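First up is the structure itself, then whatever we jot down about it.
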Amino acid sequence: MASTTPPPGRPTRAVGLVIALCWLTLFFDGMDAMLYGATMPHLLADPSLGFTHALAGTIGSWTTFGMLIGALATGSLTDWLGRKPLVTASVVLFSLGSAVCALAPDATAFGAGRFVAGLGLGGLMPLALAIVAEFAPPRRAALAMGLMMTSYHAGGMAATGVGLALGPGQGWRWAFWIGALPALIAVPAVLRWLPESPAVLLARGRAQQSYDIADRYGLERPGGPGEAPPRTGARAELRVITGLFARETRLATPLLWIASFSGLLLVFGVSMWLPELMRASGHSLSSSVTFLMVINAGGIVGMLIAGRTADRFGPVRVSALWFLLTACGTYALRAHLPLTAAYAVVFVTGIWLYSAQAMVYAATARVYAARERATGLGWVTGVGRLGGVVGPTLGGTVLASGDASLGFTTFAVTAVLGAAAIGLVPVVTGGWRWRVRRMAHALVTAAG
């Protein structure tokens with residue numbers, strides 16, 4: 001029987017270690033995800049691969065299709081198989097995929113490597129988000145997610161540095177060998193220090209271990225007096241998935257999916273094609289690759305700002321506003337700006353672009369109850385990966401047409417769609433209706 005006594009508090013050092021481990025794994029996730037865009041000019045210049053803009057976009061979509069499968073599979077299996085084993089498997093997969101790319105003799109083998117990497121990259125994000133949502137203090141959940149997501153962009157900056165240093169000639173292969181290192185660095189740390197979810201342990205019949213971990217990290221013990229442990233298996237997972245369309249969330253679920261689709265189309269479309277779009281706008285090769293580092297630097301700043309702001313005003317409001325500001329920034333890049341002005345616009349656009357998507361995840365964690373949270377995050381990230389599939393292909397098609405300004409316009413329209421979708425979530429979940437009823441009650445009371 002689980003105790004219902006609230007925990008005295010969450011030990012800062014222990015919880016900090018959990019968030020730090022998630023930060024480390026997502027750093028490598030971001031580095032591996034961004035390596036493709038950072039080395040793109042050099043991949044296109046290597047005649048042995050036979051890359052074209054259209055083929056490069058297709059391979060980018062293979063990557064994000066792998067992410068789609070990985071996110072959906074992980075989100076549905078995590079409460080069944082456990083989060084710690086799946087985090088380990090995800091890191092191993094994207095490290096293995098990067099090694100395959102480093103050895104690839106042609107575009108087909110390279111694409112296969114990116115698909116394998118995508119399976120791991122897609123699976124890791126919802127796992128890390130669910131872990132942080134469970135272990136972070138509830139009032140600081142959005143800030144904790146924002147802090148953790150800075151790692152993705154730090155990894156993106158590292159990938160840009162690797163691409164600039166090793167990209168020319170056959171050096172791009174060394175860049176992907178570096179992308180294989182996480183299996184040697186992160187996996188031992190995860191296996192030693194990352195705790196399993198107490199709720200998952202209880203569901204697997206390991207009640208005492210579940211309570212021990214909950215007590216160690218200052219969490220509420222899962223379950224309650226007289227409450228049977230949750231069921232596991234395929235039927236139980238199917239019930240959790242259908243629970244995403246329960247009365248309270250049946251409309252919020254597709255809206256969250258649309259917002260995530262829009263956000264990930266922007267994230268992967270911009271991350272992959274920004275250097276080439278800026279080259280098409282007249283900037284040099286080195287400057288164009290540096291834009292990827294600048295936008296990720298903005299992403300780090302944005303995560304810190306968005307997390308604190310969302311804890312005060314709510315992640316839905318922040319995400320909707322950030323999407324709209326992203327639309328303004330990407331549309332402004334249509335103009336042929338001087339280099340300094342272009343860097344400034346790219347930096348501030350990075351502040352909004354990446355954290356808009358991160359706040360979709362923070363909103364998702366608030367919409368669903370604890371039992372559905374990991375599955376809900378998995379499906380929001382998984383369905384959103386369809387946007388990640390569309391983004392690279394769309395960018396490649398636009399560049400093949402020779403109209404770079406159309407690419408920036410497309411990204412701006414997508415950001416507006418994301419703002420509309422996430423902005424409607426409080427409406428369909430009753431948040432606004434509750435506020436209207438409360439205001440009406442207050443007016444009637446005052447009039448009486």
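Bear in mind that the values here come from a model prediction, so they are computed numbers and not experimental data. These numbers come from the heavy atoms of this one structure, side chains and all, not from hydrogens, waters or symmetry mates.
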Return yes when atom CZ of Arg308 has more than 12 non-hydrogen atoms of other residues, nucleotides or ligands closer than 6.0 Å, and no otherwise. no
Do other residues, nucleotides or ligands put more than 12 heavy atoms under 6.0 Å from the CZ atom of Phe51? yes
Where do Tyr36 and Phe268 land on the ring-ring contact (aromatic ring centres under 6.0 Å, His included) test, with the steps shown first? CA-CA 11 Å; Tyr36 189 41; Phe268 287 99; over 10 Å; no
Got [X] and [Y] here, is their nearest side-chain heavy-atom distance under 4.5 Å?
X: Thr160; Y: Met34; answer: no
X: Val91; Y: Phe28; answer: no
X: Ile300; Y: Asn296; answer: no
X: Glu134; Y: Pro198; answer: yes
X: Ile131; Y: Leu194; answer: yes

Pair Phe408 + Tyr331: ring centers closer than 6.0 Å: no
Between Trp23 and Phe27, does the ring centre distance come in under 6.0 Å? yes
Any idea how Phe176 and Phe110 line up, ring-wise: parallel (<30°), tilted (30 to 60°), or perpendicular (>60°)? perpendicular
What residue among Val380, Leu386, Thr414 forms side chain to side chain contact (heavy atoms under 4.5 Å, CB included) with Phe261? Leu386
Please identify which of these residues, Val92, Thr25, Val87, meets the side chain to side chain contact (heavy atoms under 4.5 Å, CB included) condition with Val187. Val92
Check: Ser260 side chain, Leu256 main-chain N or O, donor-acceptor pair, under 3.5 Å: no
Would you give the length of the straight line joining atom CE of Met278 to atom OH of Tyr343, rounded to the nearest 0.5 angstrom? 8.5 Å
Would you compute the distance between atom NE2 of His53 and atom CE of Met40 and round it to the nearest 0.5 angstrom? 8.0 Å
Would you check, one step at a time, whether the test salt bridge (charged side-chain N to carboxylate O under 4.0 Å, His left out) holds for Arg206 with Glu196? CA-CA 11 Å; Arg206 297 159 64 180; Glu196 185 54 89; over 6 Å; no
